[in-house]
Amino acid sequence: MDINSDSDSSNPGIWLEILVGDTLYFSANDGSTGHELWAHDTSNHSTWRVAEISSSGDGNPGRYSQHLVGDTIYFSATDGSTGDELWAHNTSNGTTWQVIDLKPTGGWVGEMHHHNGNLYFAGEDNTTGIELWRLLFSREVTYV
């Protein structure tokens with residue numbers, strides 16, 4: 001599939017590439033909305049944009065980190081105003097949301113790992129700088 005119909009490359013998977021069942025989720029640029037979250041179903045060969053995270057440019061999903069927990073992909077992304085924050089996409093119901101805005105003036109979320117019902121990640125807030133954070137899968141985020 002030609003995601004970017006211009007002569008430019010769509011750069012599929014440059015930031016994010018995760019296989020969930022028969023569906024490959026990846027970042028790509030269609031030439032008009034910037035790098036956003038896309039999917040390709042390997043069983044029926046359909047491709048679609050999953051979410052437009054930033055309406056003003058590149059959402060860059062997964063640029064700094066991504067991690068699959070169950071049927072939810074957690075990833076760094078920017079909506080164009082809050083910096084790179086923690087986002088999630090539930091692959092079973094198709095919803096995408098910003099989990100937390102750690103630093104409203106432009107944060108950063110780095111490498112992620114999950115263990116014992118927690119998602120640990122590096123994150124930057126307004127108070128402590130870049131530190132270790134924990135997301136309980138109940139969506140409660142705490143500073144470690």
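Only heavy atoms go into these numbers, but all of them, side chains included; no hydrogens, no water, no symmetry mates.
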I need the [X] [atom1] to [Y] [atom2] distance, nearest 0.5 Å.
{"X": "His35", "Y": "Leu16", "atom1": "NE2", "atom2": "CG", "answer": "11.5 Å"}
{"X": "Asp71", "Y": "Asn93", "atom1": "CG", "atom2": "CG", "answer": "7.5 Å"}
{"X": "Tyr74", "Y": "His114", "atom1": "OH", "atom2": "NE2", "answer": "10.0 Å"}
{"X": "Gln98", "Y": "Asp79", "atom1": "CD", "atom2": "CG", "answer": "5.5 Å"}
{"X": "Leu68", "Y": "Ile18", "atom1": "CG", "atom2": "CD1", "answer": "5.5 Å"}
{"X": "Thr128", "Y": "Trp133", "atom1": "OG1", "atom2": "CH2", "answer": "5.5 Å"}

Same cluster or not: are [X] and [Y] linked, directly or through other Ile, Leu, Val, Met, Phe, Trp or Tyr residues, by side-chain heavy atoms under 4.5 angstrom apart?
{"X": "Trp38", "Y": "Ile14", "result": "no"}
{"X": "Leu37", "Y": "Trp15", "result": "no"}
{"X": "Phe75", "Y": "Trp108", "result": "no"}
{"X": "Ile100", "Y": "Met112", "result": "yes"}
{"X": "Phe121", "Y": "Val99", "result": "yes"}

Is [Y] close to [X] at the side-chain level, that is, under 4.5 Å between some pair of heavy atoms?
{"X": "His67", "Y": "Glu111", "result": "no"}
{"X": "Leu136", "Y": "Arg134", "result": "yes"}
{"X": "Val109", "Y": "Tyr64", "result": "no"}
{"X": "Glu124", "Y": "Leu102", "result": "no"}

Hey, is the main chain of [Y] close enough, under 3.5 Å, to the side chain of [X] for a donor-acceptor pair?
{"X": "His89", "Y": "Thr95", "answer": "yes"}
{"X": "Thr42", "Y": "Asp22", "answer": "yes"}
{"X": "Asp30", "Y": "Ser32", "answer": "yes"}
{"X": "Asn118", "Y": "Tyr120", "answer": "no"}
{"X": "Glu36", "Y": "Ile53", "answer": "yes"}
{"X": "Ser76", "Y": "Ser65", "answer": "yes"}

Passing candidate, side-chain contact (heavy atoms from CB on, under 4.5 Å) with Trp87, options Thr78, Ile73, Thr96:
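The passing option is Thr96.
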For Ser56, enumerate each residue passing the side-chain contact (heavy atoms from CB on, under 4.5 Å) test, keeping only those at least two apart in sequence or located in another chain.
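Once residues adjacent in sequence are excluded, the partners of Ser56 under the side-chain contact (heavy atoms from CB on, under 4.5 Å) criterion are Ser54.
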Test of understanding: with side-chain contact (heavy atoms from CB on, under 4.5 Å), list the residues that count as partners of Thr127, not counting sequence neighbours.
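For Thr127 the side-chain contact (heavy atoms from CB on, under 4.5 Å) partners, ignoring immediate neighbours, are Asp125.
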Show your working on side-chain contact (heavy atoms from CB on, under 4.5 Å) between Thr91 and Thr23 and close with a plain yes or no.
CA-CA 9 Å; Thr91 62; Thr23 303; over 6 Å; no
Is the ring pair His40/His45 parallel, tilted or perpendicular, if the boundaries are 30 and 60 degrees?
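Answer is tilted, since the angle falls between 30° and 60°.
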